[in-house]
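What you are looking at is a predicted structure, and each value in this text was computed from that prediction instead of being measured. When reading the values below, keep in mind they use all heavy atoms of this one structure, side chains included, and skip hydrogens, waters and symmetry mates. Quick note on labels: first sequence line is chain A, next is B, and so on, each numbered from 1.
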Amino acid sequence: MSLSVTRGLDMAVAGSWQPPRPCEDYRAEWELCRSARHILHHYYVHGEQPDCRQWLRDLASCREWEESRSPEAQRSLCESEQTRVQAAQKHSLVWTLRQRPPADWNLPLPQERDK
Amino acid sequence: MKHSGCTVNKGRHFSCEDCEGNVSGGFDASTSQIVLCQNNIRDQAHMSRVVTHELIHAFDHCRAHVHWFTDVRHLACSEIRAASLSGDCSLVNEIFRLHFGLKQHHQTCVRDRAVLSILAVRNISREEAQKAVDDVFESCFNDREPFGRIPHTKIYAQYAHRDFQNRHRYYSNI
């Protein structure tokens, strides 16, 4: 069992876990996903139709958890969102991320400094 | 930008200037300033798109060590993201340019415009620019930060902002 799932179960036992998104957000994403507008945008970007089924599964899990605090619903939601995060991060970055923002972001412009 | 530690001050980080050629704007990493070409920006919609495009460069500069002047792959990466995420390559804008294509045309537009943007600021060959874009495309096209998605229209942008506001709940419950 993954660390994040055990942590989630601990949070559920402690009563502090909640779905990562409000259930209405899952509904909104599902409705956007299956809209004609999004189907067109998705085809324009990816050359294929979008697969919206996971949003509907997540909506069902969210509602099930709200009604019955089902551990299976919680597990399903966590796995689904972890898959989304991993998919977004699967490509290694071209550059190195900063630890701090650029030191000169707010420094006066050269013409200001010379005054 | 504020969350990344680079709060934007209009007076400090934007400059309206007359520009040569038909360039619409630029991000000067040496001064942390966005230049808006007042003689080439046509209308509000164009302005919004240029500001978004340049803010994506500023965002990349803020969050990462982007070697703007010494690694053309880094420049290519930011141009791919800016072309993809700013609306530059929307279906409507491409039609206005008389570039007709639908299936996966967004990616074609992003590649082409990234090359053009590189050539506008670097004295290199088209082949070198194209190679840099091709080398980094997979990684950079799929980097949708800070939106998490391509903000095609206002509703996508609203959802992206909603997700940003919900980020603490999200990451503490997955």
Side-chain angles (χ1 to χ4, degrees), chain A residues 2 4-5 7-8 11-12 16-22 24-25 28-29 31-32 35 37-38 40-48 74 77-113, chain B residues 1 4-9 12-13 15 29-33 58 60-67 71 73-74 76-78 84 89-91 94 101-107 110 135-136 138-145 148-150 152-153 155-156 159 162-163 166 169-174:
Chain A
S2 70
S4 55
V5 172
R7 180 175 68 122
M11 290 173 76
S16 63
W17 188 88
Q18 59 177 335
R21 310 174 201 242
E24 56 263 31
D25 285 6
E29 292 289 357
E31 289 186 349
L32 177 64
S35 69
R37 169 177 47 194
H38 181 71
L40 175 63
H41 283 308
H42 198 273
Y43 188 77
Y44 180 63
V45 175
H46 299 289
E48 60 184 22
Q74 178 190 345
L77 273 174
C78 286
E79 269 190 18
S80 175
E81 294 291 6
Q82 285 168 24
T83 300
R84 285 199 181 97
V85 170
Q86 285 162 13
Q89 295 175 348
K90 71 176 179 182
H91 298 281
S92 56
L93 293 177
V94 167
W95 43 52
T96 308
L97 293 177
R98 292 180 185 266
Q99 299 295 316
R100 286 172 296 279
D104 58 356
W105 178 255
N106 277 316
L107 286 185
L109 291 164
Q111 57 267 36
E112 297 294 318
R113 284 200 300 267
Chain B
M1 290 294 287
S4 301
C6 297
T7 301
V8 173
N9 176 293
R12 166 61 180 83
H13 297 109
S15 173
S30 65
T31 58
S32 300
Q33 192 174 58
D60 287 341
H61 182 66
C62 182
R63 66 168 178 146
H65 292 284
V66 181
H67 301 158
D71 191 339
R73 294 164 67 254
H74 284 205
C77 188
S78 195
S84 176
C89 285
S90 73
L91 181 58
E94 277 291 89
L102 186 59
K103 182 175 181 177
Q104 218 167 353
H105 181 73
H106 179 264
Q107 294 190 37
V110 168
D135 281 352
V136 303
E138 199 63 27
S139 170
C140 303
F141 182 73
N142 288 294
D143 179 358
R144 307 278 160 80
E145 293 298 303
R149 65 183 84 205
I150 298 174
H152 300 288
T153 66
I155 192 169
Y156 292 87
Y159 283 19
R162 177 205 66 194
D163 291 348
N166 188 54
R169 169 176 172 170
Y170 183 80
Y171 286 105
S172 59
N173 287 288
I174 62 171

Whatever's closer than 4.5 Å to a heavy atom in chain B on A:Ala28 counts as both
Is there a side-chain contact between A:Trp105 and B:Val8 (heavy atoms, below 4.5 Å)?
yes
Less than 4.5 Å apart, any side-chain heavy atom of A:Pro102 and any of B:His61?
yes
Can you find a pair of side-chain heavy atoms, one from A:His38 and one from B:Tyr156, that are under 4.5 Å apart?
yes
Tell me whether A:Lys90 is salt-bridged to B:Glu138, with the criterion being a basic N under 4.0 Å from an acidic carboxylate O.
no
For A:His42, is it the side chain, the backbone, both, or neither that has a heavy atom closer than 4.5 Å to a heavy atom of chain B?
neither
Shortest non-hydrogen contact between A:Leu93 and B:Ser139, atoms and distance
CA-OG, 4.0 Å
Looking only at non-hydrogen atoms, find the nearest pair between A:Cys78 and B:Ile174 and report the distance.
CB-O, 4.0 Å
B:Ser84 versus chain A, heavy atoms under 4.5 Å apart: side chain, backbone, both or neither?
neither
Looking at A:His91 and B:Asn142, what are the two nearest heavy atoms and their distance?
NE2-ND2, 3.4 Å
In Å, rounded to the nearest 0.5 Å, how long is the span from NZ of B:Lys103 to CD of A:Glu48?
8.5 Å
Looking only at heavy atoms, which two atoms of A:Leu109 and B:Arg12 are closest? And how far apart?
CD2-NH1, 3.4 Å
With chain A, which of B:Ser78, B:Gly148, B:Cys140, B:Gly101 has the greatest number of heavy-atom pairs at distances under 4.5 Å?
B:Ser78
With a 4.5 Å limit on heavy-atom distance, are the side chains of A:Tyr44 and B:His105 in contact?
yes
Are B:His65 and A:Arg98 side-chain neighbours, meaning at least one heavy-atom pair lies under 4.5 Å?
yes
Does any part of the side chain of B:Asp71, heavy atoms only, come nearer than 4.5 Å to the side chain of A:Trp95, both counted from C-beta?
no
Polar side-chain atom of B:Asn166 near backbone of A:Pro20 as donor-acceptor pair, under 3.5 Å:
yes
Under a 4.5 Å heavy-atom cutoff, which of B:Asp135, B:Asp143, B:Asp60 has the most pairs with chain A?
B:Asp60
Flag the one option from B:Ser4, B:Cys89, B:Cys6 with the top tally of heavy-atom pairs under 4.5 Å to chain A.
B:Cys6
Any chance you could lay out the side-chain contact (heavy atoms from CB on, under 4.5 Å) test for A:Gln18 and B:Arg169, step after step, and finish with the verdict?
CA-CA 8 Å; A:Gln18 59 177 335; B:Arg169 169 176 172 170; 3.3 Å; yes
B:Asn173 to A:Pro19 - nearest heavy-atom pair and separation
CB-C, 4.4 Å
What part of B:Glu94 lies closer than 4.5 angstrom to a heavy atom of chain A: side chain, backbone, both or neither?
side chain
Check whether B:Tyr170 gets within reach of chain A through its side chain, its backbone, both or neither, counting any heavy atom under 4.5 Å.
both
Compare all side-chain heavy atoms of B:Leu102 with those of A:Leu40 and state whether any distance is below 4.5 angstrom.
yes
Name the option with the most non-hydrogen atom pairs under 4.5 Å to chain A; the candidates are B:Val136, B:Thr31, B:Leu91.
B:Leu91
With the threshold set at 4.0 Å, does a side-chain nitrogen-carboxylate oxygen contact exist between A:Glu29 and B:Arg149?
yes
Between A:Leu77, A:Asn106, A:Asp104, A:Asp25, which shows the greatest number of heavy-atom pairs under 4.5 Å with chain B?
A:Asp25
Would you say B:Thr153 and A:His41 make side-chain contact, with heavy atoms under 4.5 Å?
yes
